[in-house]
Student: 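Below is one structure. I have some questions about it.
Source: prediction; values computed, not measured. Whatever order the structure lists them in is the order used to number ligands and atoms, beginning at 1.
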Amino acid sequence: MVSVFAPGRVELLGNHTDYNQGFVLSFAIDRGITFSGVLRADEKITIHARDIGEIYEGTVQGLQRCEKQLWANYVLGVIAQFRNRGVPVPGLEVEISSNLPMGAGLSSSAALETSAAYFLQHSLHTTFSKFELARIGQEAEHTYTGVKCGLLDQISSIFSEKSHATFIDCRSFEVQTIPLPPKARFIIANSHASHTLVRGEYNERRDSCETAAQALNLQALRDASPLLLESMSNRLNSVQLKRARHIVGENERVILAVEALKNGHLDELGRLMFISHESSKTNFENSCPELDALVDAARKTHSCLGARLSGGGFGGATVNLLKAGNEVEISRALKEACPTVECLLTGAAAGARCMD
Ligand code: GLA
C-alpha cells in the first residue's frame, strides 16, 4: 500500500504570470489531498473519492476522459501522461480524501494531479524529476480537463517548504524558497462564490496575453517592461492592452516582493498585494463583487497589511497578510463584508510527500 499527500497552494503574488513566462510568489498550505492504494495485476481502475462518496470504475485499456465524473479526469489524465512517457501502468485501486476546499482557488486540481503522479512514481518505481512530475500534472489538466493552465500550482505543490515562500521563474523554471518572517500570518477567505465559465474565461485570458505578445513581437509578455508596453501600446487593442498591463505589473511586483521579503518588509509586500488586486479588478477583469468586498473590508481594518484574490479568479478566495495578533479582528471584518465567507488561518507548509 502506498500513501502520498500533496498540498494546495496560495498564490501570494504573480497573477496569470506563469503561462506568460513570468514570475510567481506562492506557498503550499497545510491542507491537501491524501491518495492511497495499491496497483492491481489486472487492468481495472477503481478510484474511491471518499469525501463525495463516489466511485469511478474503468480500465487502463479503455482509458479516456470521463464525462460523468469530472473529478476523475485529474487522475486519469495523469495515468495517460505516464503511459505517454512509455511507462506501462497496470490497474489500480485507490482512495482519495481531501481537507482542501474545492473551487476556492487553492488548487485542489493540482493537489489531485500531484498526488496521483507521486502515487504512480512510488508504486511503479519510476524516476521522473520533481519538475517532470509537475509537467505531468499540467499536461493532464490540459488534455483531460481542457484548462490551459501554467505550472504555478503543480510546482508550488511539489517544491514548497515549510515556513517559506516559493519564488518561481516561469521561463527558466528555477525555484527559490525564501523564509517568511515569523510574525507573518495569512488568512485565506473563501468567498464560496464560483463562476460557471471559469475554463472559458481562463483560456480566453491566456489567448489575449499570447496574442498581445505576438503583436509586440515578443516571445512572451515576460519580455515587456512597463515602458516598452506603453511605447508600443498602439499595436494592441484595448482589451489586450489591459491584460498586458496586468501581467507586466505583476511581474514587477513579484520582483519587488521578493526583495521586500528578504528584508523582512511585510508592509511593502502587503502594499503590492493590494495593488495586484486592483489590477486584477480593472485590467485583467478576473475578480468578482464578493472578492472585491473582501479586499475592501481587509483594507479598511488598517491592521491587514495586504489582500488580493489568489489563483485563477472569477470567484474563490482572497489571501490576507497580517501580523500575528490581528487574526480575530480581521476575520470578523471579513465575515461582516461577506456573510458566506469561511476564514482559514494558514501558514506555509511543505510540498508533496510519500507518507510511508
Ligand atoms: C490557476 C492556474 C495557474 C495560474 C493561476 C493564475 O491557478 O492553474 O496555472 O495561471 O490560475 O495565476
Student: One pair to check against side-chain hydrogen bond (donor to acceptor under 3.5 Å, both in side chains): Glu329 and Ser303. What are the steps and the verdict?
Tutor: CA-CA 8 Å; Glu329 182 206 345; Ser303 55; 2.9 Å; yes
Student: How are the rings of Phe27 and Phe186 set relative to one another: parallel (under 30°), tilted (30 to 60°) or perpendicular (over 60°)?
Tutor: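 Ring orientation, 0 to 90° scale: tilted.
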Student: Which N or O atoms of ligand 1 sit under 3.5 Å from a protein N or O, and how far apart is each pair?
Tutor:
unit_1   : atom_1 : unit_2 : atom_2 : d
ligand 1 : 7 (O)  : Arg9   : NH2    : 2.9
ligand 1 : 7 (O)  : Asp153 : OD1    : 3.3
ligand 1 : 7 (O)  : Asp153 : OD2    : 2.9
ligand 1 : 8 (O)  : Asp153 : OD2    : 2.5
ligand 1 : 9 (O)  : Asp18  : OD2    : 2.5
ligand 1 : 9 (O)  : Gly150 : N      : 2.9
ligand 1 : 9 (O)  : Tyr202 : OH     : 3.4
ligand 1 : 10 (O) : Asp18  : OD1    : 2.8
ligand 1 : 10 (O) : Asp18  : OD2    : 3.4
ligand 1 : 10 (O) : Tyr202 : OH     : 2.6
ligand 1 : 11 (O) : Gly312 : N      : 3.2
ligand 1 : 12 (O) : Glu11  : OE1    : 2.5
ligand 1 : 12 (O) : His16  : N      : 2.7

Student: Can you tell me how far the CG atom of Asn15 sits from the CZ atom of Arg308, to the nearest 0.5 Å?
Tutor: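 Answer for the CG-CZ pair, Asn15 versus Arg308, is 5.0 Å.
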Student: In terms of relative ring orientation, are Tyr19 and Tyr202 parallel, tilted or perpendicular, with 30° and 60° separating the classes?
Tutor: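 Aromatic pair Tyr19/Tyr202 classed perpendicular.
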Student: Rest of the hydrophobic cluster containing Leu227 (Ile/Leu/Val/Met/Phe/Trp/Tyr, side-chain heavy atoms under 4.5 Å)?
Tutor: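 Traced through the cluster, Leu227 reaches no other member.
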Student: How are the rings of Phe128 and Phe82 set to each other: parallel, tilted or perpendicular (split at 30° and 60°)?
Tutor: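 Because their plane-to-plane angle is over 60°, the rings of Phe128 and Phe82 count as perpendicular.
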